[in-house]
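As the structure lists them, so they are numbered: ligands from 1, and atoms in each ligand from 1.
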Amino acid sequence: MELSSEQLALKERAAALSNGLLRKRGAEIDQSREYPWDVVEALKAERFMGMTIPKEYGGQGRSFLDTVLVIEEMARSCTVSARIVVEANMGAISTVMAYGTDAQRRRAADLVLAGDKPAICITEPDAGSDASGMTTRADKRGNRYVLNGKKHWITGAGVSRLHLIFARVFDEGGEEQGVGGFLAVRGEAEGLRMSKRETTMGLCGMPEGELVFEDLEITPDMVLLPPSGFKRGFGDLINAYNSQRVGAGTVAVGIAAGALEHAVEWAKTREQFGRPIGEFQGLQWMLADMQTQLTASRLMLHAAASSRGPSGSSFPDPMLAAQAKIFASEAAIKIVNDALQVFGARGYSRDFPLERMARDVRMFTIGGGTAQVLRTLVASKILGWKLPQTRDGYAMFENQSDRDLGARP
Ligand SMILES: CC(C)(COP(=O)(O)OP(=O)(O)OC[C@H]1O[C@@H](n2cnc3c(N)ncnc32)[C@H](O)[C@@H]1OP(=O)(O)O)[C@@H](O)C(=O)NCCC(=O)NCCSC(=O)CCS(=O)O
Ligand SMILES: Cc1cc2nc3c(=O)[nH]c(=O)nc-3n(C[C@H](O)[C@H](O)[C@H](O)COP(=O)(O)OP(=O)(O)OC[C@H]3O[C@@H](n4cnc5c(N)ncnc54)[C@H](O)[C@@H]3O)c2cc1C
């Protein structure tokens with residue numbers, strides 16, 4: 001996919017930040033486990049926070065493709081910084097920009113442009129892959145909703161201000177309405193509490209935490225009504241989430257690209273048997289395979305980022321986003337592991353970057369929809385069938401044709 005001169009300039013600007021501050025900070029952030037507010041300031045100064053926000057709200061109205069160009073550059077040096085760029089342009093913020101009221105967009109834009117990385121709150125202890133089985137509830141009380149429940153593994157817990165919370169909606173009579181999005185700002189909303197920080201394997205400067213909602217009151221102006229209403233609200237909200245799947249896949253690609261650069265440099269300089277190890281065909285073919293996987297991943301992600309889902313969606317096509325994330329996340333784990341191998345014992349050392357990259361890259365077949373669950377989505381689309389995963393899922397189909405995608409129960 002050909003990039004415009006403007007996109008090449010954007011990429012170059014991102015590479016400069018990556019090769020400078022981020023290369024220096026990557027290992028420090030990993031060791032300190034502290035959220036990098038200095039990096040946020042640099043991202044703000046370069047206008048990489050809120051790039052996709054429309055100009056009328058103070059952003060630049062950039063595309064998801066522009067955003068992935070920046071994310072990949074960041075991830076070559078520092079995965080935490082790359083994930084900040086994902087969440088400051090995709091996920092929750094892009095959902096608010098697509099579905100929110102004018103006031104909600106303005107509020108969310110102001111927060112992100114001021115340096116906030118919003119949090120998207122979907123997963124619960126008993127509802128991970130089965131996200132539509134969530135139990136966090138939003139009960140209507142007068143003109144407000146009262147949220148109770150728990151989410152976990154929320155990226156940015158304790159540092160993010162804006163939260164987009166997926167919850168099951170009930171009317172005043174206790175009847176279920178579907179799923180809605182609810183906006184809460186940490187520091188302003190009472191009843192939003194972080195109860196635990198996970199001790200993660202990688203991405204250590206990015207807090208992953210458990211959030212508890214205890215009678216969290218949501219005023220009408222903070223209810224994010226999905227365009228099809230609450231009844232089909234989950235579908236609308238997860239459709240918007242396809243943007244973040246592309247972003248997550250791109251972080252994986254960026255780590256792999258960085259790892260490959262290190263491996264090539266090492267292969268040219270490290271000598272054994274009196275010659276550079278890059279002269280051994282065993283390593284040459286490994287490097288060639290790494291590059292091939294990387295190029296394929298990048299092309300798939302660029303295609304997904306440039307795509308639009310069916311019926312006028314402003315988000316990437318679900319099928320392309322899923323395939324790109326499956327392929328890129330799995331390829332990146334292999335590429336980074338092979339790069340570590342090229343370094344020999346030094347690859348296994350905390351004094352070199354490969355060990356950190358191997359820990360960081362591991363998350364991307366899990367977070368954002370596992371590689372297994374995304375394969376089910378792809379299979380469902382190619383078969384043209386709904387593929388319910390619950391034990392009694394097929395019982396709701398009275399006829400074979402009821403399982404066709406598009407058939408309404
Ligand atoms: C969607 C799933 C939760 C499976 O649940 P179900 O089997 O109950 O639901 P479905 O019938 O498959 O789907 C319900 C509804 O949604 C529509 N849908 C589903 N997926 C998509 C999609 N990707 N794009 C657009 N629309 C979608 C589907 O067509 C149905 O619509 P109708 O009701 O028929 O109109 C499960 O497949 C799933 O996705 N699980 C993973 C959950 C997940 O991704 N969580 C991410 C949490 S955030 C995170 O991890 C951040 C990490 S990061 O890297 O930043
Ligand atoms: C670093 C990180 C950051 C995250 N950030 C966020 C965030 O910001 N917001 C948020 O809401 N969530 C976040 N998550 C949570 C993430 O979305 C979930 O971990 C993911 O959806 C999987 O859920 P689970 O961990 O409960 O695994 P489970 O759903 O319990 O799955 C366990 C295993 O079973 C497999 N499996 C489950 N169902 C099926 C099936 N039907 N077919 C085949 N295999 C299946 C899975 O693929 C997996 O291998 C994050 C996770 C990580 C690791």
Worksheet item: What is the closest protein heavy atom to atom 17 (O) of ligand 2, and at what distance does it sit?
Response: Thr123 OG1, 3.3 Å

Worksheet item: Touching ligand 1 at all, Tyr241? Heavy atoms, strictly under 4.0 Å?
Response: yes

Discussion item. For atom 44 (O) of ligand 1, which of the options Arg245, Lys381, Arg83 provides the nearest non-hydrogen atom?
Written reply: Arg245

Item to complete: Check ligand 2 against Gln389 and write out every atom of the ligand that is under 4.0 Å from a heavy-atom position of the residue.
Response: 40 (C), 41 (N), 42 (N)

Worksheet item: Of the protein's non-hydrogen atoms, which lies at the shortest distance from atom 6 (C) of ligand 2, and what is that distance?
Response: Trp153 O, 2.7 Å

Worksheet item: So which of Glu87, Met134, Gln389, Arg232 gets nearest to atom 32 (P) of ligand 1, if we judge by its closest heavy atom?
Response: Arg232

Worksheet item: With the threshold set at 4.0 Å, does a side-chain nitrogen-carboxylate oxygen contact exist between Arg350 and Glu355?
Response: yes

Worksheet item: By number and element, which atoms of ligand 2 are closer than 4.0 Å to a non-hydrogen atom of Thr370?
Response: 22 (C), 46 (C), 47 (O)

Discussion item. Any atom of ligand 1 sitting under 4.0 Å from a heavy atom of Asn242?
Written reply: yes

Worksheet item: Less than 3.5 Å between some nitrogen or oxygen of Ile120 and one of ligand 2, yes or no?
Response: yes

Discussion item. Return the closest protein heavy atom for atom 36 (N) of ligand 2 as residue, atom name and distance.
Written reply: Ser129 OG, 4.3 Å

Worksheet entry | Any N or O of Gln244 closer than 3.5 Å to N or O of ligand 1 | yes

